[in-house]
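One structure is given here, and the rest of the page talks about it.
Since we're looking at a predicted model, the values are computed, not measured. As a basis for the values below, the full set of heavy atoms in this structure was taken, side chains included, without hydrogen atoms, waters or symmetry mates.
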Amino acid sequence: MSNEFQRPVSVDFAPRGSVCEWCGKPAERQLTAIGGSYHNESGVFLPPLR
């Protein structure tokens, strides 16, 4: 099975001043899709709680 969730992503530090797209707090990571229909689209997020 092939879908967008199996595509590789690039994980980088979020640009200064970015906010998490899920909770609105200051973001720490930027995820960028590589390949597929969402190539080069990105979002900024907090890392998951451990």
Side-chain angles (χ1 to χ4, degrees):
M1 182 166 83
S2 178
N3 61 45
E4 292 299 321
F5 294 106
Q6 295 175 336
R7 301 283 181 189
V9 296
S10 169
V11 180
D12 298 299
F13 290 106
R16 186 180 296 249
S18 298
V19 295
C20 177
E21 293 186 13
W22 289 334
C23 69
K25 294 180 182 177
E28 296 183 18
R29 300 287 184 260
Q30 179 172 354
L31 306 179
T32 304
I34 301 172
S37 58
Y38 296 104
H39 183 70
N40 285 339
E41 288 193 24
S42 64
V44 290
F45 304 95
L46 287 168
L49 297 176
R50 295 181 187 152

Report yes or no: do Val44 and Trp22 belong to one cluster of Ile/Leu/Val/Met/Phe/Trp/Tyr joined by side chain heavy-atom distances under 4.5 Å?
no
Closest approach of Cys20 to Ala27 (non-hydrogen atoms, all atoms of both residues)
N-CB, 3.7 Å
Phe13 and Arg29: CA distance, side-chain angles, deciding distance, side-chain contact (heavy atoms from CB on, under 4.5 Å) verdict
CA-CA 5 Å; Phe13 290 106; Arg29 300 287 184 260; 3.3 Å; yes
Testing the basics here: between Pro15 and Ser18, what is the closest heavy-atom pair and its distance to 0.1 Å?
O-OG, 2.8 Å
